[in-house]
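Single-structure report; data block below.
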Amino acid sequence: MQKYSVFSLIKNAFSDHQNWEVAWKDPTPKKEYDVIIIGGGGHGLATAYYLAKEHNITNVAIIEKGWIGGGNVGRNTTIIRSNYMHDDNALFSEFGMDLWRKMSQDLNYNVMFSPRGIINLAHSDAQMNAYSRRGNSMRLNGIDAVLLNREEVKKKIPMADFSDNVRFPIFGGLMQPSAGTARHDAVAWGYARQADSMGVDIIQNCEVTGFDVNNGKIVGVRTSRGDIKAKKVGLCVAGSTNILAEMLNMTLPIETHLLQACVSEPVKPLLDHVVTFGAGHFYCSQSDKGEMVMGGDLDGYNSYSQRGNLPTLQHVLTEGIAMFPFLSKLKMLRTWGGIMDMSMDGSPIIDKTHIDGLYLNCGWCYGGFKATPASGWTFAHTIAQDRVHELNSGYSLNRFNTGDLIDEKGLGTKTWIS
Amino acid sequence: MLYIFCPHCGSRSQNEFAYGGDATVKRPELNKEISDQEWNNFVYLRKSPRGKHLELWHHISGCRQWIKVERDTSTHEIFKTYKADELTE
């Protein structure tokens, strides 16, 4: 594989950049693989990469219905953080933060990781207390957390509404300075390129139409490009999880919902951090191009359409304007939607299933992008060793049966409200 | 914008409604020993189909009645709506 560097850039400039190697091949599916990963999104590509890198399993295929990186890894708001209170979430995410810091070097691909910090705003004394508790929990798990008072927040984000007569005055906030953003497409492409170079087949435009299960063991996958045998199969399909689960006669603690995001027209640099509104559900950061990148609530009813509805967008932006009044002056450049695998406790599932050789990775709710490396790493471990790693032991499918929920927000089973 | 036909009030915009989730989920029978698995099925497990989905909506800014709506989850087409106690096809 061609190494990307300033020297290869100069060298290729002499041939008008016409002779770059393709980043990944377009193979025809083989008859059989050791592992098939269904879903060529961030998590699927990362899983294949870590299977090859950490476990030396390279006879692997990624099967993708559309094109790689066309789902949620290309539709998110690129936020990376580990500001969780519960141990399972905190340790898993912080392990991921470490992988994020090394990712560009590791993949020889610039993912533009930008640890600009995230600030969760607080709008009451009670919320300040809750954040103080969360911050202390984070620090006990070795994650950086700083509780900011009103003045400190004002220094960092002076454009927020600090006037006297507001419905949700800013009391302060909780900041994780090491959190940040990354270029989401580059993450998918970087993982794809490295996985491909180690022998993984990336098979696009290949829809899964069924599974071959024999005596409780997975033996293969039926696809629109023919039947493919496999010793092990991993599901990494986010919002489409329930569609595949139905083919396997499984019912999961997951509902598929639509989440929208949007960007404004580009403006000069004005927002240095990722900021979330504490009295509703709104988050905002500024991209390197200058666009304000914004997101918030789910559309609020089960949905498989990757297109949003206006009432939710209006609601979300109303919250945004309450926090940052200047947003009302900006024109909207693009809006889009993606379908989320909303789990019943708001936490993901990375586990084995009752079918031997079939593994499940789903339930990422709002937080799939930041989990990409840690999810791929632990899922690869779970598949390769046929047992869960300590880091994803809490993310079991059985926890809903045993009551060991990881209810970070404690909002119950109404996934459309959480 | 969805327009939902409330069986009590007529066609109204989605802004008047709150979503209530899958309407086909059945609570385990009362006065019977209920296993953990049955509770799990009732509380947590959902089919979440792509296509026809029977769901509850609450006409919270209207007549405040719960209704059942049969809707396509990929096209958002609404086929039929029912009163909460009405039998569905």
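The sequence lines fix the lettering, A, B, ..., with proteins before strands; numbering per chain opens at 1. Keep in mind it's a predicted model, so treat the numbers as computed, not measured.
- Heavy atoms of I254(A) lying under 4.5 Å from chain B belong exclusively to its backbone.
- By the side-chain hydrogen bond (donor to acceptor under 3.5 Å, both in side chains) test, S375(A) is found to be paired with H43(A), N361(A), residues two or more places apart in sequence or in another chain being considered.
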So which N and O atoms of chain A and chain B form donor-acceptor pairs under 3.5 Å?
unit_1: T251(A); atom_1: OG1; unit_2: K47(B); atom_2: NZ; d: 3.2
unit_1: L252(A); atom_1: O; unit_2: R46(B); atom_2: N; d: 3.1
unit_1: T256(A); atom_1: N; unit_2: S48(B); atom_2: OG; d: 3.0
unit_1: N302(A); atom_1: O; unit_2: R71(B); atom_2: NH1; d: 3.3
unit_1: N302(A); atom_1: O; unit_2: R71(B); atom_2: NH2; d: 2.5
unit_1: N302(A); atom_1: OD1; unit_2: Y19(B); atom_2: OH; d: 2.6
unit_1: Y304(A); atom_1: N; unit_2: T73(B); atom_2: O; d: 2.7
unit_1: Y304(A); atom_1: OH; unit_2: S48(B); atom_2: O; d: 2.6
unit_1: S305(A); atom_1: OG; unit_2: H76(B); atom_2: NE2; d: 3.2
unit_1: N309(A); atom_1: OD1; unit_2: M1(B); atom_2: N; d: 2.4
unit_1: N309(A); atom_1: ND2; unit_2: Q14(B); atom_2: OE1; d: 3.1
unit_1: N401(A); atom_1: ND2; unit_2: Q37(B); atom_2: OE1; d: 2.8
unit_1: W416(A); atom_1: NE1; unit_2: Y19(B); atom_2: O; d: 3.3

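- Annotation: L310(A), atom CG; neighbour count of heavy atoms from other residues, nucleotides and ligands within 6.0 Å does not exceed 12.
- At a 4.5 Å heavy-atom cutoff, L313(A) makes no contact with chain B through either its backbone or its side chain.
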